[in-house]
Amino acid sequence: MTADTFPFRETERKWQERWKALFRCDTAKTDGKYYCLMMFPYPSGDLHVGHGRNYIIGDALARFKMMEGANVLAPMGWDAFGLPAENAAIKNDIHPAVWTERNIESMKLQFDRWGVVYDWSREVAACRPDYYRWTQWIFIRLFRAGLAYREAASVNWCPSCKTVLANEQVASGACERCGSVVSLRKLEQWFFGIRRYAERLLDDLDRLERWPERVRTMQKNWIGRSEGVEVSFPLEGMGETLSCFTTRVDTIYGATFIVIASDHPLAAELLRRGGREEEGGAFIRHVRELQVQEREKAESTKEGFYTGCRAVNPATGAPIPVFLASYVVMEYGTGVVMGVPAHDQRDFEFVREAPLEIPVVQVISPDGSASPRLESAYVEDGIMINSAPYDGLGNREAMDRITDDLASRGLARRVVHYRLRDWLISRQRYWGAPIPMVHCSSCGSVPVNESDLPVLLPENVDFHPRGDGKSPLATVAEFVKTVCPSCGGPAERDTDTMDTFVDSSWYFLRYLSPRDERRAFDPELANRWLPVDQYIGGIEHAILHLMYSRFIVKFLHDEGLLAFDEPFGSLFTQGMIYRNGAKMSKSKGNVVSPAPLIEAYGADTVRIYTLFIGPPEKDAEWNDRAVEGAHRFVNRVWRLYTNHRELLDAGAAADDRVDPEALDEAGTALYRAVQVASKRVRDDVFERGFQFNTAISALMELTNELYLYVERNERFRAGDGAAARLFRNAVRRLVLLLAPMAPHLCEELWELFGNDGSIFRQGLPEPDSRYLKAETYTLVLQVNGKIRSKVEVEKDAPRETLEKLALEDEKIKRILAGGTVIKTIVVPGKLVNIAAKLA
RNA sequence: GCGAGAGUGGCGGAACUGGCAGACGCGCUGGACUUAGGAUCCAGUGAGGAAACUCAUGGGGGUUCAAAUCCCCCCUCUCGCACCA
């Protein structure tokens, strides 16, 4: 005979259908609102169990919150623009829109199968015109505010595929598809001026207390604020000066050369004046090649080329050579660096290989006297030397004085630099939101009239790469050709599309009024429902998506459209699921598909295992065998019902009143186990941050207790009424506590118990705090920190009693015999430790 | 190189403010029920030892009556950033 198992196949569909109404959120009611948001996925078609973790955590949380009486908003949508749709289209000859919509349908079914439910009436998809219309609208708002501008910028170009490559298509300087070396091409592109928000994006990180420290640190480093000084170095025999950014102006007396980026605007001019144009050009090309090649290789070399020109060190008055160098980049600071070999490791390495002899002048030393020979750059603080008027000062103080003195001569100013770049949003791609701009020969770049939005993506487009670096949209004459919204003359549309991060930087606003045809979002609803109470997603979006969303929300706030200026109040980043030591991916062939697992074990088993696998914020290794443990647990809970149908069926189950005072010893133990489990589940989920793994283990323990109670309690076995009521009470509470994690099982049991309405409208059991501690506990007796004995004591026994018990314990007495007790430490509830000198 | 996180049985992991290391689960062992068990139920399961005990939280030091937990040094792994001037 086989034991009863939960008939999950019959049960799952039934509840999945009924839950759709349960998750329909009435946003007009904001009392107890809880906006539970999971990052919307790219509709790639197939979800694996690693993706599932995100959604299962979110779904369990939403259900726990519902049981706490919250009005939960849990919407879902699709980050549906992007490269894979185009790739699939090229490969399978299917239109990206068709491919995407097909995938969306299939993924919705996959969510259903997991028992993961959303308010689908709010579904949005970034690729649908009623959504991207408003993405375009945001672009125009940014443009009007002066935060969207056009500038020439480099793109990755594959000379053999003859196409522009996205950064993710470039692997260590080579085209991901064909392996040829990627080169750079300059194109006119659109940028968003996120740098103007750098300071606020940085400062406001401090307010995001409920974000992981890790994410805040990553954003902080990404913004990369750095305080320093810009110093002017006049070029010898020329009118111009070179402006250097430095954070170590205290070392300026040791600046014995200048290095500039090879793509610096003055580079060519300097080479010409130095009479070294030809060789210099070759060097510039060489550096450009280095930049696209392997990073480590490029970084280890400190190659330089003498321009033939010299600049004057404004502090010493000495002429110093100007070099082009591979290690200076135009993107940071001013693209010009003063070379201080004695105090900067890179400069130190540079002079060793430099084509000219360059003096190494030490200007800071630990003790005020120069070191005989530097083995490496001295980068610590110290005493100033070789720095004329500043000798003897601490370098920190000298830094201020030198800055002031140079500034008074008009040669320096204090500046703050950020590493954060403006956001390049142009993509030479088909499958994205068209940039709603028109280029007119007389008016320049003009935004499309808002009433003419959306600028629709044309459908019949050949999106195979064309070889000229332009977007496929450029081939569609009827798209390109238009009239200027400003002067009415003939003009051309911008043919690039927007980075998909633009789409995802505001979708959380759209969920509140997804079908609104008059505006992107309803400010009133948005102000009432945001910031998002809980955002859940992968750590891979720690920087870009989260930073861009913060930027857009701050911008909309500044436009007076939103009252808040941070989108996500609390952020949770779940860990990834690995298998065979690697991240799950199709290319590695280690994906675990949920469908066969759900087929074999049921959705609740897969959910329980996924939540039980480990702390949700940490990475975890998927173990096929361990899934069976979750399955056993689900069935053990089910059998509590089937083994005791007569006690739990409708009618009987209603009466679960328990008088804890009147219970026998085993009964009290079970009653207490229920209270402990209730407390632990609540704490693990709400207080300790979604620790579903330990919450489940608490419920496994309670289940084990119930089995033992049935097995061992004579009164229960004899059909005692009070024992039966206690059993019912315990099982009902177990089912309530488990419901958010194993919803199909528990909803079904709840109905079998004779209840009307969803279990998710029930409150979570409150622990009876009088019964969280046992009447007695095991007091540990230690001598010199080592456990020597144990004794059962009453829970409220006073310290004196505990000490007395310890000293009178036979084992302890034997050990202490002949020795001297130095000190006795009594920790009520835990232990007594006797520090003693033993014989 | 810089920054962050981690290292605990055969495995995944517990241990919340320093206080019985190994909860819970997987696996394994034994038993019960059974024609049978790969179902189910019960029990055992860190290592060594016959036992008393001893040793065990990456390694080494330290603080403390007491350390997985706090401090110092070192090793390994993962992630992020990376010529940041």
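In what follows, every chain begins at residue 1, and chains take the letters A, B, ... in the order their sequences are listed.
- Separating the P atom of B:A14 from that of B:U63 is a span of 31 Å, rounded to the nearest Å.
- Using a 4.0 Å heavy-atom criterion, one finds that A:Asp344 contacts no nucleic acid atom at all.
- To the nearest whole angstrom, the two C1' atoms, one in B:C24 and one in B:C33, are 27 Å apart.
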Evaluate the side-chain contact (heavy atoms from CB on, under 4.5 Å) criterion for residues A:Val259 and A:Phe350: first the C-alpha distance (whole Å), next the side-chain angles of each, then the deciding distance (0.1 Å), finally the verdict.
-> CA-CA 10 Å; A:Val259 260; A:Phe350 179 78; 4.1 Å; yes

Going through the checks in order, is the side-chain contact (heavy atoms from CB on, under 4.5 Å) test met by A:Phe283 and A:Glu303?
-> CA-CA 9 Å; A:Phe283 179 80; A:Glu303 296 177 43; 4.1 Å; yes

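- Across B:G22 and B:A47, the matching C1' atoms stand 13 Å from one another, rounded to whole Å.
- Following rounding to the nearest Å, A:His541 (NE2) and B:C79 (C1') show an atom-to-atom distance of 16 Å.
- Residue contacts for A:Glu621: at a heavy-atom cut-off of 4.0 Å it reaches no nucleic acid atom on any strand shown.
- Nucleic acid contact class of A:Asn635 (heavy atoms, under 4.0 Å, all strands): none.
- Because its NZ or CZ atom is not both nearer than 6.0 Å to the ring centre of A:Tyr418 and within 45° of the ring axis, A:Arg195 does not count as a cation-pi partner of that residue.
- Rounded to the nearest Å, the gap between the P atom of B:C79 and that of B:C74 is 23 Å.
- Across B:A66 and B:A21, the matching C1' atoms stand 14 Å from one another, rounded to whole Å.
- Rounded to a whole angstrom, the distance from the C1' atom of B:C81 to that of B:C26 is 38 Å.
- Interface remark: the A:Lys830 side chain does not form any donor-acceptor pair with the B:C20 base, using a distance-only criterion of under 3.5 Å.
- Taking for each of A:Ile543 and A:Tyr609 the nucleotide of RNA chain B with the nearest heavy atom, the 5'-most of the two is the partner of A:Tyr609.
- Whole-Å rounding puts the A:Ile613 CD1 to B:G25 P distance at 17 Å.
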Test log, rule ring pair (Phe, Tyr, Trp, His ring centres under 6.0 Å), inputs A:Phe727 and A:Phe716 | CA-CA 8 Å; A:Phe727 178 76; A:Phe716 177 82; 5.0 Å; yes

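- Residue contacts shown for A:Glu687 are absent, as no nucleic acid heavy atom lies under 4.0 Å away.
- Comparing the P positions of B:G60 and B:A51 gives a spacing of 28 Å, expressed to the nearest Å.
- Nucleotides B:G46 and B:C42 place their C1' atoms 23 Å apart, quoted to the nearest Å.
- Whole-Å rounding puts the A:Ile787 CD1 to B:A66 P distance at 14 Å.
- Across the interface with RNA chain B, nearest-nucleotide mapping of A:Pro615 and A:Phe612 shows A:Pro615 to be the residue nearer the 5′ end.
- Distance CD (A:Glu540) to P (B:U78): 19 Å, rounded to an integer number of Å.
- The separation between A:Trp638 atom CH2 and B:A39 atom P is 21 Å, rounded to whole Å.
- As rounded to whole Å, 18 Å separates atom P of B:G12 from atom CE of A:Met576.
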